[in-house]
Amino acid sequence: MGGGDRGEDRGGVRRARGGGCRVRARSDDRPRPRESRDAGRRDRRPGPPDEPPGTRVPEPAARRPPSVGPGPLRGPFFIRGGTSQGRMGPEEESGAPSDASVQAKVLAYWERTGVPGRAIADRPGAPEFWFTEGPMTANGAPHLGHLISRVLKDVELRYHRMRGERIVSSLGGWDCHGLPVELEIEKRHGLKSKKEIEAFGVERFCEECRSSVLEAAAQFTEMSRQLGFWLDYEHAYRTMDPGYIESVWWSLRTLFDRGLLEKGHYVLPYCPRCETPLSSHEVAQGYRETSDPSVTVRFPLVRDAPIARELLVWTTTPWTLPANLLVAARADVEYSVVREDDGRELLLASAALPRYFPHGANVVERLHGRALAGATYRPPFDTPGPAPGRYRVVLDDSVVTAEGTGFVHIAPSFGPEDQRIGAREGVGVFDPLDGRGVFTDVVPLVRGRPFKAADPVLLRDLADRGRLYRSETIRHVYPFCWRCDTALLYRAIDSWFVRTSRATDRLVRHNETVRWVPEHLRDGRFGNFLTEAKDWALSRNRFWGTPLPIWVCPDGHATCVGSFAELAERLGAPLPEPFDPHRVAVDRLALRCPTCGQPARREPYTIDAWYDSGSAPFAQYHHPFAPGPFSPERPLDFVAEGIDQTRGWYYSLLVIATLLFDRPAYRACLTNGHVLDESGRKMSKSKGNAIEPLSLLARFGADPVRWTFLSIDFTEPMRLGETTIQRSSARTLGTLLNVVAFHLEAAGTELPPPSAGRPAARGALDRWLLSRLEGTRADIEAGLSRYELGVAAAAVRSFVDDLSTWYLRRSRPRLRAESDAEDRRAARSTLSYALLGLARAIAPLVPFTSEWIVQEVGGSHFASPESSVHLSGWPGPLAERDPALEEGMREVRDLVEIGRELRQRAGVKSRVPLAELVVFDTLELGEEGTALLAAEINVRRIVRSTSADQSSYPESDWVVRDDGGVLRAALPRRPTEELRQDGLAREVARRLQQRRKELGLRYEETVSIDLSTTGELAEALAPRREDLARELLAEPLRLTDEPLGAGPDVATWEFEGLSFSARVRRRAG
RNA sequence: GGGCCCGUAGCUUAGCCUGGCUGGAGCGACCGUCUUAUAAGCGGUAGGUCGACGGUUCAAAUCCGUCCGGGCCCA
């Protein structure tokens, strides 16, 4: 869409392939041009582009960032029914995979097996979810704004697809027409004006526009591919296609017949460089602060009196003074006559006196505006020449005194109010500018000067003639062309209008039915805009756009053509084959006026490209000329774009739906804020702080980027940088990947089979995890159903946290070979089940990570498309919720925290066991809860006490947690001697484990250990030698009091005044 | 000049609609800690006029008003 890439460079990477012309008459069934077929076939090739078919992606290749930037044209990448090429070879050795390697692997799998095409395949008969992709401006390079709204759309579309719904439609879309594209071509050929374009050749110019669009589309498609944004790009709609244009014509004809499309001569914002008027919503995109003259000019009254009187008139546009025809005053405003030292008298509003005479003025008379009505004056320049009624003071209520002098200079060509007043007074118009905003011969003084450049010359002339009272410069906000950044001017011009002002109440009413996210937009920014809706200036004096299908005969009868068939009929001849309904081809066609029979010529306009994009819901189906699922009664269920589209696509969609079908355009509207850099500044190429989507995706992978957008509040302006992405993705996605990696490694070949189903979990920890899993699934479902994506993300974050820091932490021994077989199986199947369930529930959010988990934990290892999570349905309830259990576990975890605090206060490290923890008056923890608590804080037993009597726990022997007089728990200050020795053994074991790790030993590898120590430590170790050996997988573990001597495999440790040394050796074999 | 949004610890923020528990949490800092998944986890410490002022109320981060600051949009 047009609004997307304001301020971005348009110098996209140019690819050598020319744009094949796809244009043909609608009856034409010839195959597509070669180029797009080639592009398609390319991607049909199995495996990643750089690999021969069917080979495994080697590790190093997976670590390399996916290729971006200049490269071969990829073309549409979602090919339906792609072939499967067998499985990918064995899994990586060990350790958690990086996001980038996950992404590369999953992407290759999808493209090899055609999963995306199958996932988005049409499902006739299924419940429908109506959506339309806002057509992307096929121009310039994608930026972060494109990226984020595509993430939001993709999440919702995936969710609804998983629910079994039929997405109407899943087509991608390209906004092909309009100034952005034209500017690109102008730049490429150094064209400076419309005249030069005409000399260049309009047909050739349009042809270049067309191919430029096709080239730019490739970059956007690549971004979507890397992001995992699944739409049907192969059949993407394009606003320049003949069928699309015919649908737009049909809609314009409908409006024309209803009297809602009319020609007028009104003052409109006008870009002198582009030589075309702009619509108010385009102007809205281009305001910025600038410096302008602020001048006050003397307008001498023509009067029959000895004392000269002069009106003071203020303006910020001196260049409009040569077009002055009237001065407006207000009847009920009081004006003062101020006598100057030289005897001349000045008139200005009394309210303006402080601004002009801060130190007081010699006011000789006061009068009201009405007394001045009809007074004549000498104009600042005499260019327009005399005519009846000119150069008079007229009265108008639009005059204000908050700024200026209370006298308003009226140039009917150059302002909406001016035009109205001029028309009322019948003084005609006078426009001394040509189409480029350059003064013509009628003002010799500034002939040939662009309007702004005339200011200094005109001011100097006024000063020379003593007519300039005051000249200053002000900073104020002024509109500039949103595309070429030229200062706009307001001028009267012929234009075709869509009469939106006649539908204001319906626009407002329809908007009230929309679910806006964030909600405040409905009645706030967007709602306000609707209530002041002005007529939509539709026509553009340009080349590359949908031609306005209106022909006018010399008598002024206008004929609006609503289809190609009608055009042929009115032409009395078949249309040329192939027919390209763009300028030149269409301009050539002269109709016979149906009213008077005279030849009629087409109005030489194109239409606002925003009208094209607002027609997308029906025009993408070539409605009403081709059969399709579109229904005039049904609004879209969902659209999502950036906040800038409140004045862009959201608006044009609503206007067109209202005028054409008298219904809202969409039911829900998800809107994201702008992306700022890390210090809160706007991103722009010129500032060098812009982040390119493709490089971002290459560096971090799609899911970390997606996750970041979902985790921050995307409805407000977002600060975003690399650290933001690193942090938010490491925290949740990184943790999740590590949980999976741990599970896979610990389970090894004993990974539960994929068909295992819901485990019959008996243990509290397992049941707790499943209960939490189901709660999470339900929260995600609720969030996505209400378009509250942040709610879904928060639920995932909290679950992953619990999964990692509590379930896995407490289950590590169970998951390894250390526990009994049944418990081990229970833990593994529970974890597998939870990971697979979670993966399905987060598939819409992080499709790559989700797919990887399902493939690896599910055991299908990227073998077939059938196993893809994205072809599975949205999960129903995954387990029983058990609120009491969740609450009990909360209590256990609270007590763990308390226990740790008590340990810290007692100064006893966790690895030194203590005899007991006494807990008071808490929930029933159950046997398992008690065991978890005891294990986690390393006490031999938990004692539950109901007598909260502090005196039983003297401070000399106990540390006590006391919450405002209520005892929670008590812990002995010191271990018993035996426990202390246990602790010492732990110290030794911990250090030797560390040593094992340093030596790079795997868990199951056995070692031989010679351990030398004396005294207290030897005493502690001797009786615990067997346990120690088992734990360290040491065969043998030899204890000695002889020094071990030196050697590279001997290490010595000291702690708490004790020391030992050990020789740890890997056992051969 | 108008409209909308935002303002809570150095940073990111929850809580505000529907007033009441000691204003929670994450990052960062510091001290300590964890028998080997993690850029991790855990305990503790420091860090808050909840933008300012006024009002309503027994009670205000929360409701109302005014103002200040920032952002976006419009004129």
Side-chain angles (χ1 to χ4, degrees), chain A residues 94-96 98 280-281 283-285 287 400 402-403 416 476-479 518-529 531-532 642-644 646-647 673-674 676 678-682 711-713 715-720 723-724 726-746 790 794 797-798 800-801 804-806 808-813 815-816 818 893 896-905 907-912 936-938 963-964 983 985-1003 1028 1031-1032:
Chain A
S94 68
S98 70
S280 53
H281 48 274
V283 176
Q285 319 234 356
Y287 281 90
V400 294
E403 58 182 5
H476 66 161
V477 178
Y478 192 82
E519 211 178 341
H520 60 78
L521 290 174
R522 188 189 64 202
D523 300 321
R525 187 184 288 198
F526 192 72
N528 285 334
F529 187 56
T531 56
E532 42 194 67
I643 183 119
D644 47 328
T646 49
R647 307 294 159 129
H674 283 126
L676 309 172
E678 265 169 337
S679 50
R681 294 174 310 163
K682 226 176 192 167
S711 302
I712 58 183
D713 180 6
T715 64
E716 293 295 322
M718 295 157 271
R719 293 184 180 197
L720 194 80
T723 51
T724 324
Q726 244 152 4
R727 273 187 208 152
S728 72
S729 71
R731 177 161 173 73
T732 299
L733 295 184
T735 303
L736 178 58
L737 287 181
N738 272 301
V739 171
V740 175
F742 179 87
H743 178 45
L744 293 175
E745 182 168 6
R797 189 162 42 244
S798 145
V800 169
D801 205 54
S804 167
T805 65
W806 187 243
L808 198 71
R809 178 180 169 81
R810 285 312 334 146
S811 298
R812 272 193 305 230
L815 289 163
R816 294 223 183 88
E818 300 157 27
R893 296 179 72 182
V896 166
E897 288 188 14
I898 290 171
R900 290 221 177 90
E901 183 197 330
L902 293 177
R903 267 188 172 277
Q904 168 140 347
R905 279 164 50 198
V908 183
K909 290 176 179 176
S910 288
R911 73 180 78 100
V912 178
E936 187 61 22
I937 56 172
N938 200 13
D963 285 349
R986 291 260 62 75
E987 291 282 5
V988 171
R990 187 177 72 84
R991 285 166 168 79
L992 290 174
Q993 294 284 21
Q994 186 64 33
R995 182 76 184 144
R996 281 185 61 115
K997 197 178 184 184
E998 284 163 13
L999 293 171
L1001 295 167
R1002 299 181 53 77
Y1003 296 122
L1028 209 53
E1031 188 178 336
L1032 293 166

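Chain A is the first sequence line, chain B the second, and so forth, proteins listed ahead of strands; every chain is numbered from 1. For the numbers below, each heavy atom of this structure counts, side chains included, while hydrogens, waters and symmetry mates do not.
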Give a yes or no answer on whether the side chain of A/Asp801 reaches the backbone of A/Arg797 with a donor-acceptor pair at less than 3.5 Å.
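Checking the backbone N and O of A/Arg797 against the side chain of A/Asp801, no donor-acceptor pair under 3.5 Å is found.
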Between [N] and [M], how far is it from one [atom1] atom to the other, in whole Å?
N	M	atom1	result
B/C68	B/A52	C1'	7 Å
B/G65	B/U57	C1'	16 Å
B/U12	B/G28	P	15 Å
B/U13	B/U36	C1'	35 Å
B/A40	B/G26	C1'	14 Å
B/G54	B/A60	C1'	13 Å
B/C42	B/C4	P	43 Å
B/U62	B/G15	C1'	9 Å

In whole angstrom, give the distance that lies between atom [atom1] of [X] and atom [atom2] of [N].
X	N	atom1	atom2	result
A/Arg797	B/U12	CZ	P	16 Å
A/Leu808	B/A40	CG	P	17 Å
A/Arg810	B/G41	CZ	C1'	12 Å
A/Arg903	B/C31	CZ	P	23 Å
A/Leu744	B/U38	CG	P	15 Å
A/Ile937	B/G43	CD1	C1'	12 Å
A/Glu936	B/U35	CD	P	10 Å
A/Glu519	B/C16	CD	C1'	15 Å

Distance, nearest 0.5 Å, that separates CZ of A/Arg986 from CG of A/Leu1028
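Output value for this atom pair is 7.5 Å.
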CG/A/Asn738 to CG/A/Leu733 distance, rounded to the nearest 0.5 angstrom?
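Output value for this atom pair is 11.0 Å.
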Any base atoms under 4.0 Å from A/Thr646, or only sugar-phosphate, or nothing? Heavy atoms, all strands.
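No contact.
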Indicate the atoms forming the closest heavy-atom contact of [X] with [Y], along with that distance.
X	Y	result
A/Val912	A/Asn938	C-ND2, 3.8 Å
A/Val739	A/Ser804	CG2-CB, 3.9 Å
A/Gly673	A/Ile643	CA-CG2, 4.3 Å
A/Met718	A/Asp713	CG-O, 3.7 Å
A/Arg525	A/Thr646	CD-OG1, 4.0 Å
A/Leu736	A/Val800	N-CG1, 4.0 Å

For the side chain of A/Arg647, starting at C-beta, report the closest nucleotide among B/U38, B/C34, B/C73.
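The answer is B/C73.
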Select from A/Leu902 and A/Ala989 the residue whose nearest nucleotide in RNA chain B is closer to the 5' end of that strand.
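Looking at RNA chain B, the more 5' nearest nucleotide goes with A/Ala989.
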With nearest nucleotides of RNA chain B determined for A/Arg986 and A/Arg893 from heavy-atom distances, which residue corresponds to the more 5′ nucleotide?
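Residue closer to the 5' terminus by nearest nucleotide: A/Arg986.
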Does the side chain of A/Arg900 get closer than 4.0 angstrom to OP1 or OP2 of B/G44 through an N or O atom?
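No, no such contact exists.
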Verify the contact: side-chain N or O of A/Arg809 to OP1 or OP2 of B/A37, cut-off strictly under 4.0 Å; return yes or no.
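Checking B/A37 against A/Arg809, no side-chain N or O comes under 4.0 Å of OP1 or OP2.
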Looking at A/Ser804 and B/A37, is any side-chain donor or acceptor paired with a base atom of the opposite kind under 3.5 Å?
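In this structure, the two groups form a donor-acceptor pair.
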Step-by-step side-chain contact (heavy atoms from CB on, under 4.5 Å) determination, A/Ile937 to A/Ile898:
CA-CA 10 Å; A/Ile937 56 172; A/Ile898 290 171; over 6 Å; no
What is the base-pairing partner of [N], counting Watson-Crick and G-U wobble geometry with both distances under 3.5 Å?
N	value
B/G24	B/U13
B/A61	none
B/C4	B/G71
B/A29	B/U45
B/U66	B/A52

Please list each protein N or O that sits under 3.5 Å from an N or O in nucleotides 26-30 of chain B, with the distance.
from, atom 1, to, atom 2, distance (Å)
B/C27, O2', A/Arg727, NE, 3.2

For nucleotides 13-15 of chain B, list the nitrogen or oxygen atoms of the protein found under 3.5 Å from its nitrogen or oxygen atoms, one pair per line.
none

Could you give me the CA-CA distance, side-chain angles and deciding distance for A/Thr735 and A/Thr805, then say whether side-chain contact (heavy atoms from CB on, under 4.5 Å) is met?
CA-CA 10 Å; A/Thr735 303; A/Thr805 65; over 6 Å; no
May I ask you to decide whether A/Arg893 forms a salt bridge with A/Glu936, counting only side-chain N to carboxylate O separations under 4.0 Å?
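A salt bridge is absent here (no side-chain N lies under 4.0 Å from a carboxylate O).
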For a quick check, with a 4.0 angstrom heavy-atom cut-off, what is the B/S/- contact string for nucleotides 2-10 of chain B, read 5' to 3'?
-SSS-----
